[in-house]
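The structure appears below as structure tokens.
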Number of protein chains: 2
Amino acid sequence: MTGNSPDFTVSLRAAGLRPTRQRVALARVLFEGGHRHVTAESLHAEVKATRMPVSLATVYNTLNQFREAGLLREVVVAPGRSYFDTNTGHHHHFFVETDGELHDFPSDEVTIAGLPTPPEGTKLSRVDVIVRVRR
Amino acid sequence: MTGNSPDFTVSLRAAGLRPTRQRVALARVLFEGGHRHVTAESLHAEVKATRMPVSLATVYNTLNQFREAGLLREVVVAPGRSYFDTNTGHHHHFFVETDGELHDFPSDEVTIAGLPTPPEGTKLSRVDVIVRVRR
DNA sequence: CAATAACTTAGAACGGTTCTAAGGTTCTTG
DNA sequence: CAAGAACCTTAGAACCGTTCTAAGTTATTG
């Protein structure tokens, strides 16, 4: 019980999700290394390479459940493509428009001053900064 | 020739686009009042209400051409939906997540300091700030 | 006003995402 | 540890916003 790899069973259960074979396999691919940016398709390809059969529908379901559970954050940079980011902390993004790459940068070096107050009856949810660059 | 409404024929021609009935009708809906945020569907509904027949394909074509010509700016806030903004100047957005509304706010009151330098071999294209709020 | 190039159109196609309904897995309870 | 219940996964269909296709139409040019 003193294994040296993170126990995804525990974190999944903590998120209210049964630790099924598929979800554990996906969690491993997503969270075992450093921070990742994946699309449903790219994650599907990766998990299939581990020889654990997971359908594309399950990849979509799981990404959405992980996002709802706060384990992932969705980043929308271009129409028709959703990225999921395993870094759920405060940070912003570089987006290389010419090749679709997404990179994090920490938000603690960035100061945003003078933001107007939200419209009546709304409360702040998040501030996204996307720095778009081209090659 | 000294009419008091903008001459879209001229601006379309300046953008390298023939001033067809459809494009003029769309330009009128888009640019005749103040700044607008539209989707292809919403613009299609509006222009049809003027009793000028325009197909949805033409709305898409025209929005893309106007964007390429710098007459519009595309704003990506949520997966699977593109907004086009008639305000092409420097400004940022409020996005009311709970009902899909988009509002401009001027960028000159906002200061963003400490942005990291773009990755090697890339040059800055634009910095988007999206302030997400909920009701 | 004819010839040409550009444009519009309906409908099909497309790509990413969600839904459906059937079967399989995990959990709970005794 | 068996059995039922709840939950999950799956293939394939459906869906939705967008783009493509091929044919007909319109603006421009000479």
Side-chain angles (χ1 to χ4, degrees), chain A residues 7-29 37-48 50-69 71-72 74-84 100 102, chain B residues 7-29 37-48 50-69 71-72 74-84 100 102:
Chain A
D7 189 347
F8 295 112
T9 295
V10 167
S11 33
L12 286 173
R13 239 187 275 269
L17 300 166
R18 284 190 181 170
T20 63
R21 304 158 181 286
Q22 287 82 355
R23 295 211 270 231
V24 170
L26 289 167
R28 267 205 278 262
V29 172
H37 295 121
V38 301
T39 63
E41 290 287 353
S42 77
L43 180 58
H44 188 220
E46 274 192 81
V47 77
K48 274 202 305 194
T50 70
R51 318 202 45 65
M52 169 74 203
V54 183
S55 72
L56 185 55
T58 294
V59 173
Y60 275 104
N61 291 340
T62 304
L63 283 172
N64 287 142
Q65 291 152 353
F66 283 10
R67 184 202 40 199
E68 281 153 27
L71 268 33
L72 290 176
E74 191 167 9
V75 187
V76 184
V77 281
R81 168 159 275 179
S82 257
Y83 289 80
F84 289 87
L102 194 62
Chain B
D7 188 347
F8 294 112
T9 295
V10 168
S11 34
L12 286 173
R13 240 188 274 272
L17 299 167
R18 284 190 182 173
T20 63
R21 304 159 181 288
Q22 288 80 357
R23 295 210 268 232
V24 171
L26 289 167
R28 267 206 278 264
V29 173
H37 294 120
V38 302
T39 63
E41 290 286 354
S42 76
L43 180 59
H44 187 220
E46 273 192 81
V47 77
K48 274 201 305 195
T50 71
R51 316 202 47 62
M52 168 75 202
V54 182
S55 73
L56 185 56
T58 294
V59 173
Y60 275 105
N61 291 339
T62 304
L63 283 172
N64 287 143
Q65 291 152 353
F66 283 10
R67 185 203 40 202
E68 281 154 27
L71 269 34
L72 290 175
E74 191 167 7
V75 187
V76 184
V77 282
R81 167 159 275 179
S82 258
Y83 288 82
F84 289 86
L102 194 61

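Residue numbering restarts at 1 for every chain, and letters A, B, ... go by the order of the sequence lines.
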Send over the distance from [X] [atom1] to [N] [atom2], rounded to a whole Å.
| X | N | atom1 | atom2 | result |
| --- | --- | --- | --- | --- |
| Tyr83(A) | dG16(C) | OH | P | 11 Å |
| Leu12(B) | dC7(C) | CG | P | 11 Å |
| Leu63(A) | dT17(C) | CG | P | 9 Å |
| Asn64(B) | dG17(D) | CG | P | 16 Å |
| Gln65(A) | dC19(C) | CD | P | 12 Å |
| Arg67(B) | dT18(D) | CZ | C1' | 12 Å |
| Tyr60(A) | dG12(D) | OH | C1' | 15 Å |
| Lys48(A) | dT10(D) | NZ | P | 11 Å |

Any side-chain N or O of [X] below 4.0 angstrom from OP1/OP2 of [N]?
| X | N | result |
| --- | --- | --- |
| Arg21(A) | dC8(D) | no |
| Gln22(A) | dT10(D) | yes |
| Arg23(B) | dT8(C) | yes |
| Thr58(A) | dT10(D) | yes |
| Thr20(A) | dT9(D) | yes |
| Arg18(B) | dT28(D) | no |

Side chain of Leu56(A) only, please: which of dT8(C), dT9(C), dT17(C) is the nearest?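 Nearest nucleotide to the side chain: dT17(C).
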Closest approach to the side chain of Val54(A), judged atom by atom: which nucleotide of dA10(C), dT10(D), dT18(D) is it?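 So the nucleotide nearest the side chain must be dT10(D).
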What's the verdict on side chain to side chain contact (heavy atoms under 4.5 Å, CB included) for Tyr60(A) and Leu43(A), showing C-alpha distance, side-chain angles and the deciding distance? CA-CA 10 Å; Tyr60(A) 275 104; Leu43(A) 180 58; over 6 Å; no
Can you check whether Arg18(B)'s main-chain N or O pairs, donor with acceptor, with Arg23(B)'s side chain at less than 3.5 Å?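 At least one qualifying donor-acceptor pair exists.
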Check whether any side-chain N or O of Ser42(B) sits under 3.5 Å from a backbone N or O of Val38(B) as a donor-acceptor pair, and report yes or no.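 Not at all, since once roles are kept as given, no pair shorter than 3.5 Å links the two residues.
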Quick one: label [X] by what it contacts on the DNA or RNA (base, sugar-phosphate, nothing), any heavy atom closer than 4.0 Å.
| X | answer |
| --- | --- |
| Thr39(B) | nothing |
| Pro79(A) | nothing |
| Pro53(A) | sugar-phosphate |
| Asn61(A) | base |

Nearest-nucleotide 5' precedence on DNA chain D, Glu41(B) against Arg13(B):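 The residue closer to the strand's 5' end, by nearest nucleotide, is Glu41(B).
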For the student: nearest non-hydrogen atoms of Ser82(A) and Thr39(A), plus distance: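 Minimum heavy-atom contact is O-CG2, 3.7 Å.
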Verdict with reasoning, Arg13(A) to Thr9(A), per side chain to side chain contact (heavy atoms under 4.5 Å, CB included): CA-CA 6 Å; Arg13(A) 239 187 275 269; Thr9(A) 295; 3.3 Å; yes
As an exercise, state the distance from CZ of Phe8(B) to CG of Leu17(B), rounded to the nearest 0.5 Å.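 Atom-to-atom, Phe8(B):CZ and Leu17(B):CG are 14.0 Å apart.
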